[in-house]
There are 2 protein chains.
Amino acid sequence: MSARRTGRRPGSPDTREAILAAAREAFAERGFDAASIRAIATAAGVDPALVHHYFGGKEELFRAATAFPADPGRLLPAVLAGDRDGVGERLVRVFLEVWDSPVGAAGVALLRSAVSNDWTARLLREFLVTQVLRPVLDHLAVDPAQRPLRGGLVATQLAGLAMMRYVLRFDAVADAEPATLVAAAGPTVQRYLTGDIT
Amino acid sequence: MSARRTGRRPGSPDTREAILAAAREAFAERGFDAASIRAIATAAGVDPALVHHYFGGKEELFRAATAFPADPGRLLPAVLAGDRDGVGERLVRVFLEVWDSPVGAAGVALLRSAVSNDWTARLLREFLVTQVLRPVLDHLAVDPAQRPLRGGLVATQLAGLAMMRYVLRFDAVADAEPATLVAAAGPTVQRYLTGDIT
DNA sequence: GTCTATAGCGCGATAGAC
DNA sequence: GTCTATCGCGCTATAGAC
(Lines give C-alpha, C1' and ligand atoms only; values in the text may rest on other atoms or scores of the structure.)
Protein backbone atom coordinates (compact mmCIF):
# COMPACT_ATOMS: atom_id res chain seq x y z
CA MET A 1 0.00 0.00 0.00
CA SER A 2 1.59 3.26 -1.06
CA ALA A 3 0.24 6.71 -0.38
CA ARG A 4 0.28 8.66 -3.62
CA ARG A 5 1.62 12.13 -3.36
CA THR A 6 -0.19 14.99 -5.00
CA GLY A 7 1.82 17.30 -7.12
CA ARG A 8 5.00 16.66 -8.92
CA ARG A 9 7.61 14.62 -7.16
CA PRO A 10 11.16 14.83 -8.31
CA GLY A 11 12.45 11.52 -9.48
CA SER A 12 10.50 8.40 -8.81
CA PRO A 13 7.78 9.03 -6.27
CA ASP A 14 7.94 5.50 -5.01
CA THR A 15 11.64 5.39 -4.35
CA ARG A 16 11.31 6.58 -0.79
CA GLU A 17 8.62 4.05 -0.03
CA ALA A 18 10.61 1.28 -1.68
CA ILE A 19 13.56 2.07 0.54
CA LEU A 20 11.38 2.12 3.63
CA ALA A 21 9.80 -1.21 2.77
CA ALA A 22 13.17 -2.81 2.14
CA ALA A 23 14.51 -1.33 5.36
CA ARG A 24 11.57 -2.61 7.39
CA GLU A 25 12.09 -6.09 6.02
CA ALA A 26 15.83 -6.06 6.52
CA PHE A 27 15.63 -4.73 10.07
CA ALA A 28 12.92 -7.27 10.90
CA GLU A 29 14.94 -10.10 9.45
CA ARG A 30 18.38 -9.30 10.80
CA GLY A 31 18.09 -6.63 13.48
CA PHE A 32 19.53 -3.15 13.55
CA ASP A 33 23.20 -4.03 13.76
CA ALA A 34 23.28 -6.80 11.21
CA ALA A 35 21.09 -5.10 8.64
CA SER A 36 23.19 -3.03 6.28
CA ILE A 37 22.30 0.08 4.34
CA ARG A 38 24.03 -1.43 1.35
CA ALA A 39 21.84 -4.52 1.41
CA ILE A 40 18.72 -2.43 1.93
CA ALA A 41 19.63 -0.23 -1.02
CA THR A 42 20.24 -3.26 -3.23
CA ALA A 43 16.90 -4.79 -2.22
CA ALA A 44 15.16 -1.53 -3.02
CA GLY A 45 16.98 -1.26 -6.34
CA VAL A 46 18.69 2.01 -5.51
CA ASP A 47 22.13 3.25 -4.71
CA PRO A 48 23.32 3.19 -1.09
CA ALA A 49 24.14 6.88 -1.27
CA LEU A 50 20.53 7.61 -2.07
CA VAL A 51 19.48 6.14 1.25
CA HIS A 52 21.70 8.58 3.04
CA HIS A 53 20.35 11.33 0.89
CA TYR A 54 16.77 10.59 1.90
CA PHE A 55 17.19 9.63 5.52
CA GLY A 56 20.54 10.96 6.66
CA GLY A 57 21.84 8.01 8.62
CA LYS A 58 21.17 4.47 9.71
CA GLU A 59 19.47 5.41 12.97
CA GLU A 60 17.12 7.82 11.27
CA LEU A 61 16.31 5.20 8.68
CA PHE A 62 15.50 2.72 11.44
CA ARG A 63 13.26 5.18 13.20
CA ALA A 64 11.46 5.96 9.97
CA ALA A 65 11.05 2.28 9.14
CA THR A 66 9.72 1.34 12.55
CA ALA A 67 7.68 4.46 13.29
CA PHE A 68 4.79 2.46 14.56
CA PRO A 69 2.15 2.49 11.85
CA ALA A 70 -0.40 0.86 14.12
CA ASP A 71 -1.32 3.59 16.53
CA PRO A 72 -2.07 1.87 19.83
CA GLY A 73 -4.33 4.79 20.70
CA ARG A 74 -6.59 3.60 17.92
CA LEU A 75 -6.49 -0.09 18.88
CA LEU A 76 -6.65 0.01 22.65
CA PRO A 77 -10.24 1.22 22.97
CA ALA A 78 -11.42 -1.99 21.36
CA VAL A 79 -9.37 -3.92 23.91
CA LEU A 80 -10.65 -1.98 26.88
CA ALA A 81 -14.29 -1.84 25.84
CA GLY A 82 -16.24 -4.73 27.22
CA ASP A 83 -16.07 -6.79 30.33
CA ARG A 84 -13.15 -6.49 32.65
CA ASP A 85 -12.50 -10.23 32.58
CA GLY A 86 -12.02 -10.27 28.82
CA VAL A 87 -9.24 -7.70 28.60
CA GLY A 88 -6.52 -10.35 28.62
CA GLU A 89 -7.99 -12.27 25.72
CA ARG A 90 -8.71 -9.16 23.70
CA LEU A 91 -5.22 -7.81 24.34
CA VAL A 92 -3.61 -11.01 23.08
CA ARG A 93 -5.95 -11.09 20.08
CA VAL A 94 -5.16 -7.54 19.00
CA PHE A 95 -1.48 -8.12 19.69
CA LEU A 96 -1.43 -11.09 17.32
CA GLU A 97 -3.52 -9.30 14.71
CA VAL A 98 -1.08 -6.43 14.56
CA TRP A 99 2.03 -8.60 14.56
CA ASP A 100 0.61 -10.99 11.99
CA SER A 101 -0.20 -8.11 9.65
CA PRO A 102 2.36 -6.50 7.35
CA VAL A 103 2.99 -3.70 9.80
CA GLY A 104 4.07 -6.32 12.31
CA ALA A 105 7.45 -6.33 10.62
CA ALA A 106 8.14 -3.05 12.40
CA GLY A 107 7.55 -4.79 15.71
CA VAL A 108 9.77 -7.69 14.80
CA ALA A 109 12.47 -5.25 13.75
CA LEU A 110 12.16 -3.45 17.06
CA LEU A 111 12.23 -6.64 19.12
CA ARG A 112 15.09 -8.20 17.23
CA SER A 113 17.15 -5.05 17.42
CA ALA A 114 16.41 -4.40 21.07
CA VAL A 115 18.32 -7.50 22.01
CA SER A 116 21.70 -6.29 20.88
CA ASN A 117 21.30 -2.56 20.80
CA ASP A 118 20.78 -0.34 23.79
CA TRP A 119 18.91 2.54 22.28
CA THR A 120 16.45 0.35 20.41
CA ALA A 121 15.88 -1.54 23.67
CA ARG A 122 14.93 1.71 25.34
CA LEU A 123 12.67 2.52 22.41
CA LEU A 124 10.88 -0.81 22.86
CA ARG A 125 10.56 -0.53 26.64
CA GLU A 126 9.12 2.95 26.40
CA PHE A 127 6.70 1.92 23.72
CA LEU A 128 5.51 -1.04 25.75
CA VAL A 129 5.10 0.89 28.97
CA THR A 130 3.59 4.13 27.77
CA GLN A 131 1.55 2.89 24.82
CA VAL A 132 0.31 -0.48 26.01
CA LEU A 133 0.82 -1.40 29.64
CA ARG A 134 0.13 1.90 31.35
CA PRO A 135 -3.16 2.61 29.56
CA VAL A 136 -4.42 -0.89 30.25
CA LEU A 137 -3.43 -0.87 33.92
CA ASP A 138 -4.90 2.61 34.27
CA HIS A 139 -8.18 1.56 32.75
CA LEU A 140 -8.43 -1.45 35.02
CA ALA A 141 -7.66 0.73 38.04
CA VAL A 142 -5.01 -1.69 39.25
CA ASP A 143 -3.44 -0.95 42.63
CA PRO A 144 -0.62 1.46 41.71
CA ALA A 145 1.84 -0.38 43.90
CA GLN A 146 1.32 -3.53 41.87
CA ARG A 147 1.44 -1.95 38.43
CA PRO A 148 5.14 -2.39 37.68
CA LEU A 149 5.11 -6.08 38.52
CA ARG A 150 1.79 -6.85 36.83
CA GLY A 151 2.83 -4.86 33.78
CA GLY A 152 6.16 -6.64 33.71
CA LEU A 153 4.49 -10.03 33.90
CA VAL A 154 2.20 -9.16 31.00
CA ALA A 155 5.29 -8.07 29.11
CA THR A 156 6.97 -11.44 29.73
CA GLN A 157 4.05 -13.32 28.19
CA LEU A 158 3.64 -11.00 25.21
CA ALA A 159 7.36 -10.78 24.53
CA GLY A 160 7.72 -14.53 24.87
CA LEU A 161 4.90 -15.05 22.43
CA ALA A 162 6.50 -12.66 19.95
CA MET A 163 9.91 -14.24 20.37
CA MET A 164 8.70 -17.77 19.74
CA ARG A 165 6.26 -16.91 16.95
CA TYR A 166 8.17 -14.30 14.97
CA VAL A 167 11.82 -14.34 15.94
CA LEU A 168 12.93 -17.82 16.92
CA ARG A 169 10.09 -19.40 14.91
CA PHE A 170 9.38 -22.25 17.24
CA ASP A 171 7.18 -24.36 14.98
CA ALA A 172 4.23 -25.12 17.21
CA VAL A 173 3.83 -21.47 18.16
CA ALA A 174 4.70 -19.98 14.77
CA ASP A 175 2.17 -22.17 12.96
CA ALA A 176 -0.61 -22.03 15.53
CA GLU A 177 -3.92 -20.38 14.74
CA PRO A 178 -4.28 -17.00 16.43
CA ALA A 179 -7.41 -18.28 18.16
CA THR A 180 -5.43 -21.13 19.71
CA LEU A 181 -2.89 -18.77 21.19
CA VAL A 182 -5.58 -16.37 22.34
CA ALA A 183 -7.32 -19.18 24.19
CA ALA A 184 -4.06 -20.28 25.77
CA ALA A 185 -2.36 -16.99 26.60
CA GLY A 186 -5.41 -14.79 27.12
CA PRO A 187 -6.19 -16.17 30.59
CA THR A 188 -2.53 -15.86 31.53
CA VAL A 189 -2.48 -12.18 30.68
CA GLN A 190 -5.82 -11.69 32.41
CA ARG A 191 -4.47 -13.24 35.57
CA TYR A 192 -1.34 -11.10 35.48
CA LEU A 193 -3.53 -8.02 35.10
CA THR A 194 -6.26 -8.62 37.64
CA GLY A 195 -5.87 -12.06 39.18
CA ASP A 196 -4.14 -13.57 42.15
CA ILE A 197 -0.41 -13.65 41.57
CA THR A 198 0.86 -14.24 45.08
CA MET B 1 44.12 -0.55 30.23
CA SER B 2 47.83 -1.12 29.63
CA ALA B 3 48.39 -3.98 31.99
CA ARG B 4 50.35 -5.32 29.08
CA ARG B 5 53.73 -6.78 29.84
CA THR B 6 56.21 -7.57 27.19
CA GLY B 7 57.49 -11.03 26.84
CA ARG B 8 55.90 -14.25 27.67
CA ARG B 9 53.35 -14.56 30.44
CA PRO B 10 55.10 -16.75 32.92
CA GLY B 11 53.29 -19.51 34.68
CA SER B 12 49.88 -18.10 33.79
CA PRO B 13 47.91 -20.70 35.69
CA ASP B 14 44.90 -20.94 33.49
CA THR B 15 44.87 -18.70 30.48
CA ARG B 16 42.31 -20.89 28.84
CA GLU B 17 39.84 -20.46 31.65
CA ALA B 18 40.37 -16.71 31.65
CA ILE B 19 39.54 -16.58 27.96
CA LEU B 20 36.44 -18.71 28.45
CA ALA B 21 35.22 -16.52 31.29
CA ALA B 22 35.74 -13.35 29.29
CA ALA B 23 34.05 -14.94 26.29
CA ARG B 24 31.04 -16.04 28.30
CA GLU B 25 30.62 -12.53 29.64
CA ALA B 26 31.08 -10.84 26.28
CA PHE B 27 28.70 -13.18 24.47
CA ALA B 28 26.12 -12.75 27.23
CA GLU B 29 26.45 -9.00 27.13
CA ARG B 30 26.52 -8.39 23.40
CA GLY B 31 25.48 -11.55 21.57
CA PHE B 32 27.48 -13.66 19.16
CA ASP B 33 27.76 -11.21 16.29
CA ALA B 34 28.56 -8.10 18.26
CA ALA B 35 31.03 -9.69 20.63
CA SER B 36 34.51 -9.59 19.18
CA ILE B 37 37.46 -11.85 19.72
CA ARG B 38 39.62 -8.78 20.09
CA ALA B 39 37.54 -7.45 22.96
CA ILE B 40 37.42 -10.85 24.60
CA ALA B 41 41.17 -11.19 24.34
CA THR B 42 41.69 -7.73 25.82
CA ALA B 43 39.34 -8.49 28.70
CA ALA B 44 41.21 -11.70 29.38
CA GLY B 45 44.56 -9.93 29.16
CA VAL B 46 45.82 -11.97 26.25
CA ASP B 47 46.52 -11.51 22.59
CA PRO B 48 43.72 -12.10 20.08
CA ALA B 49 45.84 -14.60 18.21
CA LEU B 50 46.06 -16.69 21.34
CA VAL B 51 42.32 -17.14 21.33
CA HIS B 52 42.51 -18.62 17.88
CA HIS B 53 45.38 -20.75 19.00
CA TYR B 54 43.33 -22.27 21.80
CA PHE B 55 39.91 -22.48 20.24
CA GLY B 56 40.34 -22.29 16.50
CA GLY B 57 37.56 -19.93 15.57
CA LYS B 58 34.78 -17.75 16.85
CA GLU B 59 32.08 -20.40 16.55
CA GLU B 60 34.13 -22.95 18.44
CA LEU B 61 34.86 -20.38 21.11
CA PHE B 62 31.14 -19.69 21.43
CA ARG B 63 30.33 -23.35 21.72
CA ALA B 64 33.00 -23.83 24.35
CA ALA B 65 31.81 -20.79 26.30
CA THR B 66 28.16 -21.80 26.25
CA ALA B 67 28.58 -25.55 26.60
CA PHE B 68 25.89 -25.81 29.17
CA PRO B 69 27.58 -26.28 32.51
CA ALA B 70 24.28 -26.96 34.23
CA ASP B 71 23.35 -30.37 33.04
CA PRO B 72 19.56 -30.45 32.84
CA GLY B 73 19.73 -34.17 33.38
CA ARG B 74 20.94 -33.41 36.88
CA LEU B 75 18.36 -30.73 37.60
CA LEU B 76 15.23 -32.15 36.08
CA PRO B 77 14.70 -35.00 38.54
CA ALA B 78 14.17 -32.45 41.30
CA VAL B 79 11.58 -30.75 39.11
CA LEU B 80 9.76 -33.92 38.27
CA ALA B 81 9.84 -35.46 41.70
CA GLY B 82 6.78 -34.60 43.71
CA ASP B 83 3.20 -33.90 42.92
CA ARG B 84 2.12 -33.46 39.35
CA ASP B 85 0.48 -30.10 40.10
CA GLY B 86 3.72 -28.59 41.33
CA VAL B 87 5.83 -29.21 38.25
CA GLY B 88 5.16 -25.75 36.85
CA GLU B 89 6.30 -23.96 39.96
CA ARG B 90 9.35 -26.15 40.41
CA LEU B 91 10.30 -25.72 36.76
CA VAL B 92 10.17 -21.94 37.03
CA ARG B 93 12.09 -22.02 40.32
CA VAL B 94 14.92 -24.13 38.93
CA PHE B 95 14.92 -22.08 35.74
CA LEU B 96 15.47 -18.88 37.72
CA GLU B 97 18.03 -20.49 40.01
CA VAL B 98 20.13 -21.53 37.05
CA TRP B 99 19.83 -18.25 35.18
CA ASP B 100 20.48 -16.17 38.29
CA SER B 101 23.64 -18.12 39.01
CA PRO B 102 26.98 -17.41 37.34
CA VAL B 103 26.44 -20.17 34.81
CA GLY B 104 23.30 -18.33 33.70
CA ALA B 105 25.52 -16.12 31.59
CA ALA B 106 25.79 -18.99 29.15
CA GLY B 107 22.02 -18.99 28.79
CA VAL B 108 21.89 -15.26 28.30
CA ALA B 109 24.60 -15.53 25.66
CA LEU B 110 22.65 -18.23 23.89
CA LEU B 111 19.38 -16.33 24.01
CA ARG B 112 20.87 -13.02 22.96
CA SER B 113 22.74 -14.61 20.09
CA ALA B 114 19.82 -16.72 18.92
CA VAL B 115 17.96 -13.60 17.96
CA SER B 116 20.29 -12.53 15.20
CA ASN B 117 22.05 -15.71 14.30
CA ASP B 118 20.48 -18.73 12.70
CA TRP B 119 22.71 -21.48 13.96
CA THR B 120 22.66 -20.29 17.56
CA ALA B 121 18.86 -20.13 17.29
CA ARG B 122 18.83 -23.76 16.27
CA LEU B 123 21.16 -24.57 19.14
CA LEU B 124 18.76 -22.93 21.57
CA ARG B 125 15.66 -24.57 20.12
CA GLU B 126 17.22 -28.00 20.26
CA PHE B 127 18.42 -27.49 23.80
CA LEU B 128 14.98 -26.38 24.91
CA VAL B 129 13.14 -29.20 23.22
CA THR B 130 15.39 -32.14 23.91
CA GLN B 131 16.76 -31.17 27.31
CA VAL B 132 13.82 -29.47 28.96
CA LEU B 133 10.45 -29.69 27.29
CA ARG B 134 10.48 -33.24 26.03
CA PRO B 135 11.54 -34.84 29.32
CA VAL B 136 8.95 -32.86 31.23
CA LEU B 137 6.12 -33.62 28.81
CA ASP B 138 7.19 -37.25 28.74
CA HIS B 139 7.17 -37.53 32.48
CA LEU B 140 3.72 -35.98 32.71
CA ALA B 141 2.44 -38.35 30.03
CA VAL B 142 0.86 -35.52 28.10
CA ASP B 143 -1.22 -36.46 25.08
CA PRO B 144 1.40 -36.71 22.32
CA ALA B 145 -0.75 -34.74 19.90
CA GLN B 146 -0.72 -31.79 22.27
CA ARG B 147 2.94 -31.86 23.15
CA PRO B 148 4.25 -29.45 20.52
CA LEU B 149 1.72 -26.76 21.41
CA ARG B 150 1.96 -27.23 25.17
CA GLY B 151 5.74 -27.27 24.97
CA GLY B 152 5.72 -24.18 22.79
CA LEU B 153 3.52 -22.34 25.24
CA VAL B 154 5.82 -23.20 28.11
CA ALA B 155 8.67 -21.92 25.98
CA THR B 156 6.90 -18.60 25.43
CA GLN B 157 6.58 -18.01 29.16
CA LEU B 158 10.11 -19.08 30.03
CA ALA B 159 11.66 -17.19 27.13
CA GLY B 160 9.62 -14.10 27.92
CA LEU B 161 10.75 -14.28 31.52
CA ALA B 162 14.38 -14.58 30.45
CA MET B 163 14.06 -11.77 27.93
CA MET B 164 12.57 -9.32 30.40
CA ARG B 165 14.74 -10.28 33.36
CA TYR B 166 18.14 -10.81 31.76
CA VAL B 167 18.19 -9.29 28.29
CA LEU B 168 15.93 -6.26 28.12
CA ARG B 169 16.16 -5.75 31.89
CA PHE B 170 12.65 -4.56 32.41
CA ASP B 171 12.97 -3.18 35.94
CA ALA B 172 10.02 -4.78 37.67
CA VAL B 173 10.93 -8.22 36.38
CA ALA B 174 14.70 -7.85 36.64
CA ASP B 175 14.54 -6.73 40.27
CA ALA B 176 11.79 -9.07 41.44
CA GLU B 177 12.50 -11.77 43.99
CA PRO B 178 12.64 -15.23 42.45
CA ALA B 179 9.83 -16.32 44.75
CA THR B 180 7.60 -13.58 43.37
CA LEU B 181 8.12 -14.71 39.82
CA VAL B 182 7.69 -18.35 40.76
CA ALA B 183 4.35 -17.56 42.36
CA ALA B 184 3.25 -15.59 39.32
CA ALA B 185 4.58 -17.68 36.44
CA GLY B 186 4.49 -21.11 38.04
CA PRO B 187 0.73 -21.57 37.64
CA THR B 188 0.96 -20.32 34.07
CA VAL B 189 3.51 -22.98 33.18
CA GLN B 190 1.52 -25.58 35.07
CA ARG B 191 -1.60 -24.73 33.09
CA TYR B 192 0.29 -24.87 29.79
CA LEU B 193 1.59 -28.31 30.77
CA THR B 194 -1.47 -30.02 32.15
CA GLY B 195 -4.36 -27.57 32.30
CA ASP B 196 -7.20 -26.49 30.06
CA ILE B 197 -5.86 -24.40 27.20
CA THR B 198 -8.78 -24.47 24.80
C1' DG C 1 53.68 -20.49 23.76
C1' DT C 2 53.10 -15.83 22.63
C1' DC C 3 53.05 -11.82 19.87
C1' DT C 4 53.48 -8.68 15.50
C1' DA C 5 51.83 -7.79 11.23
C1' DT C 6 48.80 -7.96 7.78
C1' DA C 7 45.58 -9.97 4.36
C1' DG C 8 40.91 -9.58 3.01
C1' DC C 9 36.35 -8.30 3.86
C1' DG C 10 32.08 -5.46 4.71
C1' DC C 11 30.59 -1.68 6.90
C1' DG C 12 28.79 3.66 7.34
C1' DA C 13 29.57 7.73 5.58
C1' DT C 14 30.88 11.46 2.33
C1' DA C 15 32.68 14.31 -1.71
C1' DG C 16 31.88 15.47 -5.99
C1' DA C 17 30.96 14.25 -10.95
C1' DC C 18 26.99 13.93 -14.14
C1' DG D 1 18.38 13.62 -8.04
C1' DT D 2 21.44 9.98 -8.71
C1' DC D 3 25.65 7.47 -8.84
C1' DT D 4 30.87 6.51 -8.70
C1' DA D 5 34.69 6.42 -5.97
C1' DT D 6 36.79 6.35 -1.89
C1' DC D 7 38.03 7.09 3.03
C1' DG D 8 38.59 5.09 7.48
C1' DC D 9 37.15 1.75 10.48
C1' DG D 10 36.72 -2.89 12.96
C1' DC D 11 36.34 -7.41 12.18
C1' DT D 12 38.12 -12.72 11.60
C1' DA D 13 41.72 -15.25 10.51
C1' DT D 14 46.43 -16.55 9.35
C1' DA D 15 51.55 -16.50 8.58
C1' DG D 16 55.53 -16.36 10.73
C1' DA D 17 59.01 -14.02 13.90
C1' DC D 18 60.73 -14.46 18.68
Q: To the nearest angstrom, how far is Phe55(B) atom CZ from dA13(D) atom P?
A: 14 Å
Q: Could you state the atom-to-atom distance from CG of Asn117(A) to P of dG12(C) in whole Å?
A: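 Those two atoms, CG and P, are 13 Å apart.
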Q: Hey, are Arg90(A) and Asp83(A) close enough for a salt bridge, meaning a charged N less than 4.0 Å from a carboxylate O?
A: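 So Arg90(A) pairs with Asp83(A) through a salt bridge.
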Q: Tell me, with the steps shown, if Arg93(A) and Glu97(A) meet salt bridge (charged side-chain N to carboxylate O under 4.0 Å, His left out).
A: CA-CA 6 Å; Arg93(A) 181 173 300 117; Glu97(A) 274 168 11; 5.3 Å; no
Q: How close do Leu181(A) and Arg165(A) get, counting heavy atoms only, and between which atoms?
A: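 Taking Leu181(A) first and Arg165(A) second, the nearest heavy atoms are CD1-NH1, 3.2 Å.
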Q: Could I get a table of every N or O pair under 3.5 Å where one atom is in the protein and the other is in nucleotides 8-11 of chain D?
A:
unit_1, atom_1, unit_2, atom_2, d
dC11(D), OP1, Ser36(B), OG, 3.4

Q: Find the distance Asp47(A):CG to dA5(D):P and express it as a whole number of Å.
A: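 Value for this atom pair: 11 Å.
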Q: Got a list of protein N/O to nucleotides 15-18 of chain D N/O distances below 3.5 Å?
A:
none

Q: Mind calculating the distance between NE2 (His52(B)) and P (dT6(C)) to the nearest angstrom?
A: 18 Å
Q: Under a plain distance cut-off of 3.5 Å, with no hydrogens placed, do Thr15(B) and Tyr54(B) share a side-chain donor-acceptor pair?
A: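 The answer is no; no qualifying pair exists.
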Q: Separation of Glu60(A) atom CD from dG12(C) atom P, in whole Å?
A: 14 Å
Q: Can you see whether Thr156(A) engages Gln157(B) through a side-chain donor-acceptor pair at a distance of less than 3.5 angstrom?
A: yes
Q: Does Lys58(B) use its side chain to pair, donor to acceptor, with the backbone of Ser36(B) at less than 3.5 Å?
A: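 Such a contact is absent between Lys58(B) side chain and Ser36(B) backbone.
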Q: Looking at Arg24(A) and Ala105(A), what are the two nearest heavy atoms and their distance?
A: CG-CB, 4.0 Å
Q: Between Tyr54(B) and dT2(C), does any side-chain N or O lie under 4.0 Å from OP1 or OP2?
A: yes
Q: Determine whether the side chains of Thr198(B) and Asp196(B) contain a donor N or O and an acceptor N or O closer than 3.5 Å.
A: yes
Q: Provide, to the nearest angstrom, the distance between the CZ atom belonging to Arg16(A) and the C1' atom belonging to dT2(D).
A: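 So the CZ-C1' distance, Arg16(A) to dT2(D), works out to 16 Å.
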Q: Please give me the minimum heavy-atom distance between Arg125(B) and Phe170(A), naming the atom from each residue.
A: CG-CD1, 4.0 Å
Q: Starting from C1' on dG1(C), measure out to CG on Asp14(B) and report it in whole angstrom.
A: 15 Å
